[in-house]
2 protein chains.
Amino acid sequence: MDPVSTQHVAEFRQFNRYFTRRIGALDDHYLGQDRPLGEARLLFEIGDGVSLRELRTRLGLDAGYLSRMAKTLQAQGLVRISVHPHDSRLRMVELTRAGRIELKEQNRRADALAAGLLDGLTTAQRDRLTEAMSTAQRLLRLAAITVAPVDGAAPDARACLDAYAADIDARFPEGFDRSDLVRPEEVSGEAGAFFVAYEEGRPVGCGALRRLEPRVGELRHVWVHPDARRLGLARRLLTALEREAAARGFTVLRLDTHASLTEAQAMYRSGGYTEIPPYADHVYGDHWFEKRLSGPVS
Amino acid sequence: MDPVSTQHVAEFRQFNRYFTRRIGALDDHYLGQDRPLGEARLLFEIGDGVSLRELRTRLGLDAGYLSRMAKTLQAQGLVRISVHPHDSRLRMVELTRAGRIELKEQNRRADALAAGLLDGLTTAQRDRLTEAMSTAQRLLRLAAITVAPVDGAAPDARACLDAYAADIDARFPEGFDRSDLVRPEEVSGEAGAFFVAYEEGRPVGCGALRRLEPRVGELRHVWVHPDARRLGLARRLLTALEREAAARGFTVLRLDTHASLTEAQAMYRSGGYTEIPPYADHVYGDHWFEKRLSGPVS
DNA sequence: CATAATCTTTGACTTTAGTCAAAGGATCGC
DNA sequence: GCGATCCTTTGACTAAAGTCAAAGATTATG
C-alpha cells in the first residue's frame with residue numbers, strides 16, 4: 001500500500017478538528033443535559049434487552065464502572081435488570097417504559113440540535129452535505145476493515161460460509177446446497193487459503209483460494225456481509241486473494257459465478273477477468289471467468 | 001428556509017455518531033498520552049502568544065480552571081506567562097522552546113494516528129475521502145454562518161468595509177480610494193441597509209443596499225473574507241440583500257463591478273442579473289448589472 | 001477621581017470518569 | 001465432580017474536569 005501523503009494527513013486532521021470541536025462537543029453537551037454523559041450513552045446503547053457483557057465490550061467499559069452505572073439507572077427507574085435466562089452469570093438490561101420515554105426525549109433533543117445545524121442550508125446544499133458525509137463514512141469504514149488469512153476450519157471462516165450459504169440460498173431461485181461449499185482442508189495449508197474481512201472485530205466478508213491444478217487456482221465464496229456492501233470491500237478481498245495466489249506461484253485464476261449476481265460479474269470484469277467456457281461442471285455456476293496473473297505482486 | 005427533512009437529520013446524526021465514536025474518541029485518547037487532555041488541548045491552542053482571555057473565550061473554560069492549567073504548564077517549563085504590554089490585567093502565554101518541541105511531538109503522534117487510519121485505502125480512495133471531507137466542511141461552515149442587518153456605523157460594519165477597501169486596493173491595478181465607500185447614513189434607516197455575515201462571532205462578509213431613486217436600489221460592497229470564500233457565502237448575502245430590497249418595495253436592483261472580479265460577475269449573472277449600460281460614473285466600475293425583482297420574497 | 005467593570009488568582013468544593021483487586025455465584029471442560 | 005474460567009458486584013481509590021465565590025490588581029467611564 002502507498003505511504004499516506006502529508007497532504008492527505010493534513011486535510012484529514014483539519015476536518016477532524018473542525019468536526020469534533022463544532023459538532024462532537026456540542027452533541028455531547030446537549031445529549032447529557034441533566035444526566036452524566038456516560039449514563040446517557042448507556043441509555044442509548046440499551047435497545048431492548050442487552051447483556052451487561054455485550055455493553056461492556058461494545059463500549060469498552062470497566063466491569064465495576066458499568067455495574068454501578070446500570071444500578072444508578074435502575075434506581076432511577078429507567079432500566080430493568082434481570083438474570084439471563086440461559087446463563088445465570090449474565091445480567092440482562094432493558095429499558096422500562098420510563099426509560100423509553102427518556103430515550104425518546106434524548107433523541108428529540110439530538111434531532112433538534114442536528115436540524116438547527118442544517119437550518120441555514122438550502123435543500124440542495126443539505127443533499128450535497130448528506131452525500132459527502134455518506135461518502136466519507138463509507139471510505140472510513142472501508143479503511144477500518146482488515147483482511148486476514150485464517151484457517152479454513154476456524155469458527156470465523158465457518159460463520160462466514162454459513163452466512164454466505166444462507167445468502168445465496170435466498171437469492172438463487174433453485175436454492176443452494178451446502179455440500180457445494182469448500183471443505184476446510186481444501187483451503188488450508190498447501191491446498192489453498194481462506195481470507196476473512198473484519199470490521200471492529202466482527203467478520204464481515206470472506207473469500208477462498210483453492211488449487212485446481214498445478215499453477216492454476218480457483219477463487220470461491222467471495223462474499224460480503226449485507227451491512228458492509230457498497231464499500232469496495234469485495235475488491236479488497238479480491239486483491240488479497242490475487243496477491244496470495246501470486247505468492248503461491250499460480251499463473252491463472254479461475255472462478256464461476258451466477259447470472260443473478262450482476263454486480264459481481266461487473267467487478268470481475270473490471271478487475272481484469274475475462275469470460276471463458278466452463279472448466280468444470282459446478283451446479284451453481286453459469287458464468288465462468290479467468291485471469292492471468294503477472295507474477296508475484298509486491 | 002425550508003424545514004429540515006427527517007431524512008437529512010437521520011443521516012447527519014448517523015455520521016456524527018460514527019465519526020465521534022471512531023475518530024474523535026481515538027484522537028482524544030492519543031493526543032493526551034502522558035498529559036491530561038485539557039492541558040494537551042491548551043498547548044495546542046497556544047500558538048505564539050495568546051492572552052488567557054482569548055483562550056478562555058475560545059475554549060469556553062472557567063477562568064480559575066484555565067489559570068491553574070496554565071500554571072501547571074508553566075511549572076513544566078512548556079510555556080512562559082507574562083503581562084500584556086498594553087493592559088496589565090491580561091496575561092500573555094507563549095510556548096517556550098521545550099513547549100514547541102512537545103507540541104511537535106504531539107503533532108507527530110496525531111499525524112501518525114491519521115496516517116494509520118488512512119492506511120488501508122488506495123490513493124484514489126484517499127483522494128475521494130479528502131474531497132468528501134472538504135465538501136462536508138465547507139457546507140458545515142456555511143451552515144454556521146449567519147447574516148444579520150447592522151447599522152452602517154457599527155464597528156463590525158466599518159471593519160468589513162476597511163477589509164473590503166484593503167482587499168480591493170490590493171487587487172485593482174489602479175488601487176482603491178476609500179472615499180468611494182458608502183457613508184454610514186447611506187445605508188441606515190430609510191436610505192438603505194447593511195448586512196454583515198458572522199462566523200462564530202467574527203464578521204466574515206458584508207453587503208450594502210442603497211436607495212438610488214424611487215423603487216430602484218443599488219447593491220454595493222458585497223465582500224467575503226478570504227478565509228470564508230468558496231463556501232457560497234456571497235450568494236447568501238445576495239439573497240439577504242434582495243429580500244431586504246423587495247421588502248422595501250424596490251423593483252429594480254443595480255450594481256457595478258470590476259472587470260478583474262470574474263467570479264463576482266459569474267455569480268451575478270447566474271443570480272438573474274443582466275448586464276446594462278453604465279447608470280452612473282463610478283470610478284471603479286466597468287461592468288454594470290441590473291435585476292428586476294418580482295415582488296416581496298416571503 | 002470615585003465607581004464600575006474587567007481579568008486573573010486562589011481556596012474550597014463537587015462531579016464524573018475510571019481503575020484495581022477481592023470475592024461470590026455460575027458454567028464449562030475434562 | 002472438581003478446578004478453571006467467566007461474569008458481576010462491591011469496596012477502596014485516584015485523576016481529571018469543572019464550578020463558585022471572594023479578593024486583588026488594573027483599566028474604563030461618567
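All figures in this text were calculated on a predicted structure; none of them were measured in a lab.
- Every residue was checked against the ring-ring contact (aromatic ring centres under 6.0 Å, His included) condition with A:His8, not counting sequence neighbours, and none meets it.
- Going from atom CG of A:Leu59 over to atom P of C:dT19 covers 13 Å, rounded to whole Å.
- One atom, CD of A:Glu39, and another, C1' of C:dT15, lie 11 Å apart when rounded to the nearest Å.
- Checked against side chain to side chain donor-acceptor pair (under 3.5 Å), A:Asp162 has the following partners two or more places apart in sequence or in another chain: A:Arg178.
- The 5' end of DNA chain C is approached more closely, in terms of each residue's nearest nucleotide, by A:Arg41 than by the other of A:Gly64 and A:Arg41.
- Between the side chains of A:Gln76 and A:Arg35, at least one donor-acceptor pair of N or O atoms lies under 3.5 Å.
- In this structure, A:Leu66 atom CG and C:dG18 atom C1' are separated by 12 Å, rounded to whole Å.
- No side-chain donor-acceptor contact under 3.5 Å links A:Arg22 to the backbone of B:Ala144.
- Using a 4.0 Å cutoff on non-hydrogen atoms, the parts of residues 68-96 of chain A near DNA chain D are A:Arg68, A:Lys71, A:Arg89, A:Leu90, A:Arg91, ordered by number.
- Counting any heavy atom pair closer than 4.0 Å across all strands shown, A:Gly38 reaches sugar-phosphate atoms only and no base atom.
- The OH atom of B:Tyr65 sits 14 Å away from the C1' atom of C:dT14 (whole-angstrom rounding).
- Here C:dT27 presents its P atom at 14 Å from CZ of A:Arg53, a figure rounded to the nearest Å.
- B:Arg138 meets the side chain to side chain donor-acceptor pair (under 3.5 Å) test with no other residue; sequence neighbours excluded.
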Next on the checklist: For a side-chain contact (heavy atoms from CB on, under 4.5 Å) check, start with the C-alpha distance between B:Thr130 and A:Phe12, then their side-chain angles and the critical distance, and finish with the verdict.
Outcome noted: CA-CA 7 Å; B:Thr130 303; A:Phe12 183 77; over 6 Å; no
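- From the 5' end on, the contacts that DNA chain D makes with chain A at under 4.0 Å to a non-hydrogen atom open and close at D:dC6 to D:dA12.
- Side chain of B:His221 to backbone of B:Val182: a donor-acceptor contact under 3.5 angstrom is found.
- Looking at residues two or more places apart in sequence or on another chain, you find a side chain to side chain donor-acceptor pair (under 3.5 Å) between B:Arg58 and B:Glu45, B:Glu54.
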